[in-house]
Amino acid sequence: MRFANWSLALPGVNEHDYPLIEAQRTMSTRLTENDVTPEPLYRERRLFIVSAAAALGASWAGRNAIAAPSPVVDKPNTLEEISSYNNYYEFSTNKEAVRVLAQALSTSPWNLTVEGEVAKPFTIGVEDLLKRFFIEERICRLRCVEGWSMVIPWNGFPLHKLIDLAQPTGQAKYIEFVSLLRPKEMIGQRQSSLDWPYREALRLDEARHPLAFMATGLYGQTLPKQNGAPLRLVVPWKYGFKQPKAITHIRFLRDIPKTSWQQIAPTEYGFYGNVNPDVAHPRWSQRRENRIGELRKRPTLPFNGYAQDVAHLYAGLDPKLLF
Ligand SMILES: Nc1nc2c(c(=O)[nH]1)N[C@H]1C(S)=C(S)[C@@H](COP(=O)(O)O)O[C@H]1N2
Ligand SMILES: [Mo]
């Protein structure tokens, strides 16, 4: 019954914070049911994938009142599936090896530095960061550009809350995320499979979208190291490579930065990385995906099923150019 006590298991939260967690339950769209449910039952409930409506804090009951949310019903993958098949090149290009190798990473203490075009640059320990925000749950699809997908119940907080702390200047147009550089513990960094550290970026307005999320846990537990502990970006309408793990720096920039993947394979990875079944990868189609745990492939949805929530961000731009 790992869930009986899940809120106390959240990183950086101790007994004294319990009233805070209670408040989060009231605010959240669905924590009241799931926080005491063991994982298998939890999965059987066929939970709704969170949409912007839920992300904006609409109550579960009030959700129907909101025009056109994205009521996509999907079953979360198991904790075992989510934590045993991972892309994390800092450790290995072998998905099954990551789980073992990532345990060498020490995730505490951990500092996050927020800098660049901001009124208030700061460095904060992750434990302190966690105490500042309500820890919400977000059940999101993850679609890897390689053609597989999962459904993951993350815990964390919306990225815009962090952006508001930093107060970007009028010059800030992009936001860059930098993952940890520590070849002593990350043995994959001794190879040049990528230009280290791993760097990704968003347009600032994309980053402010309520679906952009900083994950600090999953299934109500501390984030497994292989999934990006202690701090990992979740941008569910984009391919997995746009969702960096083990973030140490967030930089607000005037100009569009080059990401690690664009640098190593500019013809295969665009800046946007929006999930789009109509734009093939140079080496394979993106029309269908293999949901881990399922036998038959399923169709890939535009913006990974979040089109109603995010398509407006790209109004006037040719969606084909948005990969
Ligand atoms: N730092 C870092 N972040 C990363 C990666 C990586 O290699 N290093 N891989 C990305 C890719 S390609 C995918 S598909 C997702 C996989 O996330 P998961 O292992 O939690 O399912 O992480 C993304 N974030
Ligand atoms: Mo990926």
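Ligands are counted one by one from 1 in listed order, and the atoms in each one are counted from 1 as well.
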Look at Glu117 together with Arg254 and state whether they make a salt bridge at an N to O cut-off of under 4.0 Å.
yes
Heavy-atom contacts with Asn227 under 4.0 Å: which atoms of ligand 1 show up? List them by number with element.
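By the 4.0 Å cutoff, the relevant atoms are 18 (P), 20 (O).
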Can you tell me the protein heavy atom closest to atom 22 (O) of ligand 1 and the distance?
Lys245 CE, 3.3 Å
Look only at the side chain of Gln189 and the backbone of Arg182, and say whether a donor-acceptor pair between them is shorter than 3.5 Å.
yes
Ligand 1 versus Gln243, non-hydrogen atoms closer than 4.0 Å: side chain, backbone, both, neither?
backbone
Using a strict 4.0 Å cut-off to heavy atoms of Phe241, name the atoms of ligand 1 that fall inside it.
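Counting atoms of ligand 1 from 1, those under 4.0 Å from Phe241 are 10 (C), 11 (C), 12 (S).
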Who's the nearest protein heavy-atom neighbour of atom 17 (O) of ligand 1, and how far?
Arg232 NH2, 3.0 Å
For atom 23 (C) of ligand 1, what's the nearest protein heavy atom and its distance?
Gly240 O, 3.1 Å
Any atoms of ligand 1 less than 4.0 Å from a non-hydrogen atom of Tyr88? List them with their elements.
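Every atom of ligand 1 under 4.0 Å from some heavy atom of Tyr88: 1 (N), 6 (C), 7 (O), 8 (N).
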Does the side chain of Ser193 come under 3.5 Å of the side chain of Thr93 through a donor N or O and an acceptor N or O?
no
Are Arg251 and Phe177 in a cation-pi contact, defined as NZ or CZ under 6.0 Å from the six-membered ring centre and within 45° of the axis?
no
Under a 4.0 angstrom heavy-atom cut-off, which atoms of ligand 1 come close to Leu142?
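Heavy-atom distances to Leu142 below 4.0 Å select 17 (O), 21 (O).
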Under 4.0 Å, heavy-atom basis, I'd like to know which part of Glu146 is in contact with ligand 1: side chain, backbone, both or neither.
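Neither; no heavy atom under 4.0 Å.
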Looking at every heavy atom in both Gln221 and Leu79, which two are closest together, and how far apart are they?
OE1-CD2, 3.3 Å
Fit a plane to each ring of Tyr239 and Phe241, take the angle between them on a 0 to 90° scale, and name the class: parallel (under 30°), tilted (30 to 60°) or perpendicular (over 60°).
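Geometry flag for Phe241 against Tyr239: parallel rings.
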Can you name the closest pair of heavy atoms from Leu112 and His249 and give their distance?
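Where Leu112 meets His249 most closely, the heavy atoms are CD1-N, 4.0 Å.
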Check whether NZ of the Lys or CZ of the Arg Lys161 lies under 6.0 Å from the centre of the six-membered ring of Phe133 and within 45 degrees of that ring's axis.
no
Side-chain heavy atoms of Leu231 within contact of Leu129, under 4.5 Å
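Of all side-chain heavy-atom pairs linking Leu129 with Leu231, at least one is under 4.5 Å.
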Subset of ligand 1 atoms that lie under 4.0 Å from at least one heavy atom of Ser179
1 (N)
Considering only heavy atoms, does Ile82 approach ligand 1 within less than 4.0 Å through its side chain, its backbone, both, or neither?
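For Ile82, there is no contact with ligand 1 at all, from either part.
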Would you mind listing which atoms of ligand 1 come within a distance below 4.0 Å of any non-hydrogen atom of Pro244?
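The list of qualifying atoms is 3 (N), 24 (N).
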Could you tell me, atom by atom, which parts of ligand 1 come under 4.0 Å of a heavy atom of Cys144?
14 (S)
With a heavy-atom distance limit of 4.0 Å, tell me whether Met150 approaches ligand 1 through its side chain, its backbone, both, or neither.
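Contact part for Met150 vs ligand 1: neither.
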Ligand-side contact atoms (ligand 1) for residue partner Tyr89, heavy atom cut-off under 4.0 Å
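Here the atoms of ligand 1 in question are 6 (C), 7 (O).
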Among Trp196, Tyr198, Tyr85, closest by heavy atom to atom 4 (C) of ligand 1 is Tyr198
Test: Glu289 and Arg143 ion pair at under 4.0 Å:
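Judged by the 4.0 Å cut-off on N to carboxylate O distance, Glu289 and Arg143 do form a salt bridge.
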When the ring planes of Trp261 and Tyr269 are compared, do they come out parallel, tilted or perpendicular, using 30° and 60° as the limits?
tilted
Based purely on interatomic distance, does Trp154 place a nitrogen or oxygen under 3.5 Å from a nitrogen or oxygen of ligand 1?
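Min N/O separation from ligand 1 is not below 3.5 Å for Trp154.
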Residue, atom name and distance, where the atom is the protein heavy atom closest to atom 8 (N) of ligand 1:
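Of every protein heavy atom, Glu90 OE1, 2.7 Å lies nearest to atom 8 (N) of ligand 1.
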Could you tell me whether Asn87 and ligand 1 have an N or O pair separated by under 3.5 Å?
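Asn87 vs ligand 1: N/O contact under 3.5 Å present.
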Minimum heavy-atom distance between Asp255 and Tyr174, given as atom pair plus value:
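In this case the closest contact between Asp255 and Tyr174 is C-CD1, 3.5 Å.
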